[in-house]
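Both ligands and their constituent atoms are indexed starting at 1 by order of listing.
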Amino acid sequence: MTSATPSWGPDFAALEAIDPDIARILLAERDRLNDGLQLIASENFTSPAVLAALGSTLSNKYAEGYPGRRYYGGCEVVDEAENLGIERAKALFGADHANLQPHSGASANLAVYGAFMKPGETLLAMSLPHGGHLTHGTKVSFSGKWFNAVHYGVAQDTEDIDYDQMRDLAREHRPKMIICGGSAIPRLIDFAAFRSVADEVGAILMVDAAHFIGLVAGGAIPSPVPYADVVTFTTHKVLRGPRGGMLVCKAEHAAALDKAVFPMMQGGPLMHAVAAKAVALKECATPEYAAYTRQVIANSKALTAGLEAEGMRAISGGTDTHLSLLDLQGIGVTGAEAEARAGAARIVLNKNAIPYDPQPPSIASGIRVGTPATTTQGMDEADMAVVARLIGRAVRDADGSQVADVTAEVHALVADKPAYAS
Ligand code: DSN
């Protein structure tokens with residue numbers, strides 16, 4: 001079989017020839033993305049340029065260490081990629097220092113704990129059922145097994161972060177580290193408030209910005225970088241880069257955090273992923289990306305308003321970001337039912353616990369929806385109004401009688417705005 005692409009780059013024909021099963025799966029996943037609405041708040045459609053870097057010969061290189069200080073020969077080329085990425089990250093976020101090597105957000109968080117904490121010491125973070133994250137001290141994670149985790153939540157009336165509770169817990173427990181950020185927080189976070197509490201009790205402030213760092217990169221929401229000792233994030237959410245992690249920090253913490261990423265927590269970096277992160281950071285520095293991030297939020301607000309009109313209650317009364325959390329108790333549907341019914345009509349979203357949820361997490365009373373992916377494919381507020389109506393129909397469709405109709409409308413909506421060209 002001949003190939004139109006050179007032997008050193010992504011070569012789909014070669015893959016088809018060698019492994020037709022995996023080739024078929026790759027096409028099936030592209031078709032799945034094109035065939036419906038992707039509303040998982042933590043997902044996006046990364047660019048062909050990022051995918052090209054991921055599918056490159058940089059995947060071959062061992063490069064333990066950092067640019068100019070490696071434990072292997074032949075790193076002069078990958079050094080250039082990592083240096084470009086570091087400089088782009090520093091410029092984009094106004095940070096003193098950046099590390100692009102964490103394999104994931106969890107790895108980045110692990111490195112921060114490694115740099116600043118010893119087993120048994122105390123961290124203060126948002127509780128997972130209120131919107132936090134697995135790696136912020138839950139009992140099933142290393143972070144909850146190795147450290148004494150204390151959790152703040154949202155206030156019952158506002159459903160926004162309970163800053164008074166956070167401050168009181170910090171004063172009582174004197175944590176070594178305070179963490180803000182999470183995976184289901186629709187509202188802006190008051191980083192100055194966290195900084196002032198961290199200063200008062202002598203704690204390190206870590207912001208896990210995985211969900212919203214892309215909005216920061218585009219200038220659509222305020223940045224945590226001036227306030228935090230260290231900001232960790234994933235690179236594949238709104239930021240629209242490859243799957244992976246990253247951190248930026250103040251100069252005084254650079255050496256400790258670099259040592260914690262390598263050699264404390266990781267071995268060889270994934271240089272193809274590091275290069276792909278550099279590509280994404282370049283894309284994020286453009287006016288087009290800034291406009292994209294503003295549209296992500298506009299779409300999120302429109303989708304949330306539409307879902308409220310469908311009888312779903314927006315936790316905290318709305319959203320300032322790319323995601324919202326909807327309480328479905330008022331329409332008598334569980335999160336698990338909603339996820340399954342929407343999925344049957346090619347609308348992909350996830351069930352999610354809501355604060356003070358009476359249901360277990362496997363059922364949940366809510367759903368989480370986000371607009372990074374649909375905005376990448378060019379949808380606007382008018383499209384979101386249609387999407388909200390389709391979700392409303394799908395999640396109420398207990399007997400499946402609406403599946404064909406709703407699926408047809410989903411297909412009409414995505415027909416001229418595919419995630420990826422076929
Ligand atoms: N699993 C990610 C999310 O969906 O938000 C967080 O790690």
Review point. Thinking salt bridges, do D229 and R195 make one under a 4.0 Å N-O criterion?
Key: yes
**Study point:** Lys/Arg N to Asp/Glu carboxylate O, E159 vs R187, below 4.0 Å
**Key:** no
Practice item. Would you tell me whether H236 and N44 have side-chain atoms, one donor and one acceptor, within less than 3.5 Å of each other? Key: no
Practice item. Please name all residues satisfying salt bridge (charged side-chain N to carboxylate O under 4.0 Å, His left out) with R32, sequence neighbours left out, ordered by chain then number. Key: E29
**Study point:** Summary of salt bridge (charged side-chain N to carboxylate O under 4.0 Å, His left out) pairs that have at least one residue in residues 231-256, sequence neighbours excluded
**Key:** none
Would you list the atom pairs, donor with acceptor, under 3.5 Å between side chains in residues 54-61 and any protein atom, with sequence neighbours excluded?
residue : atom : partner : partner atom : Å
S56     : OG   : A53     : O            : 2.6
S56     : OG   : L58     : N            : 3.3
N60     : ND2  : T57     : O            : 3.4
K61     : NZ   : G73     : O            : 3.0

Check your understanding: At a 4.0 angstrom heavy-atom cut-off, what protein residues surround ligand 1?
Key -> S42, H133, S183, H211, R368
